[in-house]
> 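Below you'll find the structure I mean.
This is a predicted model, so every value here is computed, not measured. Note that the numbering runs from 1 along the sequence shown for the chain.
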Amino acid sequence: MAEQIEIPTSFTRVADLTGKRVVITGASRGLGRLLAHAFSGGGARVALVARTSTDLKAVAEELPGPALALSGDVTEAEFNEAVADATVAEWGGVDVWICNAGISPIVAGPLKTDPSVWREVIDVNLTGAFLGARAAARVMSEGGRLIFTGSVLGERPRDGLTAYSASKAGLVGMAKGLALDLAPSGITVNVVAPGWFDSPLADGWKNNPKIAAAVLAHTAQRRWGSATDLAGAYQFLASDAASFVTGSVLNVDGGYLLV
């Protein structure tokens, strides 16, 4: 398994997650793995989704509670439907679906961005999230929660990341549209938009003094986020306490978008 974010020994319990049936895509590493620990530790049953079965099984074995490991490609409609069906078969339904799978290749700019790279980023980050939401909506009942992992880069892009920023900006528009479409069914749809976090995935930026200085200069709290700063936002939006919150973007960025 690739280098992983350090999992805290405990998480602040933001809301009661006991018995919640939660699907998390992109669950084999990074934020997805962190969320798996946070939700499982809070009493939820967690269906883990990613491409690599061995990595998923390793995460499932780490968790304190019941877990399913479902490997496949989130850009395929049939796979998302199969995840929904497998979770229903195992636990009788789906309460929360977190569309977290994403990729972020760094490119030099539009003239050097191969169209295949553009399509792959949009396919995974945006289309994959839509297909997950579509599958979730089919099996969710009233009180269901759809949560997308966005990014502050969807609102404040950086050079070389046009495809990624476009995909994350698109998630916001999609979430708002789905919030309208699914409101009659009692399903809420929201986005968590992380800022810059101290994790192995950010090492390339942290280890570049110029980029690291620019990130901190634009962050009101003048620090990188830690693992414990992020999970609570998802827990809140997944909980009964957020029943009147839909179509919203929750920025967890230390004030990155303020400066």
> To the nearest 0.5 Å, tell me how far Ile147 CD1 sits from Trp97 CH2.
13.5 Å
> Is Arg45 salt-bridged to Glu90, going by a charged N under 4.0 Å from an acidic O?
no
> Counting heavy atoms not belonging to Arg51, are there more than 12 under 6.0 Å from its CZ?
no
> In this structure, are over 12 heavy atoms from other groups packed under 6.0 Å from Glu81 atom CD?
yes
> Check this for me: Lys206, atom NZ, are more than 12 non-hydrogen atoms of other residues, nucleotides or ligands nearer than 6.0 Å?
yes
> Quickly, which of Ile98, Leu178, Leu126 forms a side-chain contact (heavy atoms from CB on, under 4.5 Å) with Phe148? Name it, please.
Leu178
> I would like to know whether Phe11 and Leu35 meet side-chain contact (heavy atoms from CB on, under 4.5 Å); could you show each step before the answer?
CA-CA 10 Å; Phe11 293 87; Leu35 293 175; over 6 Å; no
> Go through the steps for Thr113 and Thr162 under the test side-chain contact (heavy atoms from CB on, under 4.5 Å), then give the verdict.
CA-CA 9 Å; Thr113 302; Thr162 298; over 6 Å; no
> Applying side-chain contact (heavy atoms from CB on, under 4.5 Å) between Met140 and each of Leu182, Val94, Asp95, Val88, report the one that passes.
Val94
> Please check: side-chain N/O of Arg138 versus main-chain N/O of Ala84, any donor-acceptor pairing under 3.5 Å?
no
> Looking at Arg119, I'd like to know if its CZ atom is crowded, meaning that more than 12 non-hydrogen atoms belonging to other residues, nucleotides or ligands lie closer than 6.0 Å.
no
> Under 3.5 Å, is there a donor-acceptor pair linking the side chains of Ser167 and Asn125?
yes
> Looking just at side-chain N and O atoms, do Ser226 and Asp229 make a donor-acceptor pair shorter than 3.5 Å?
yes
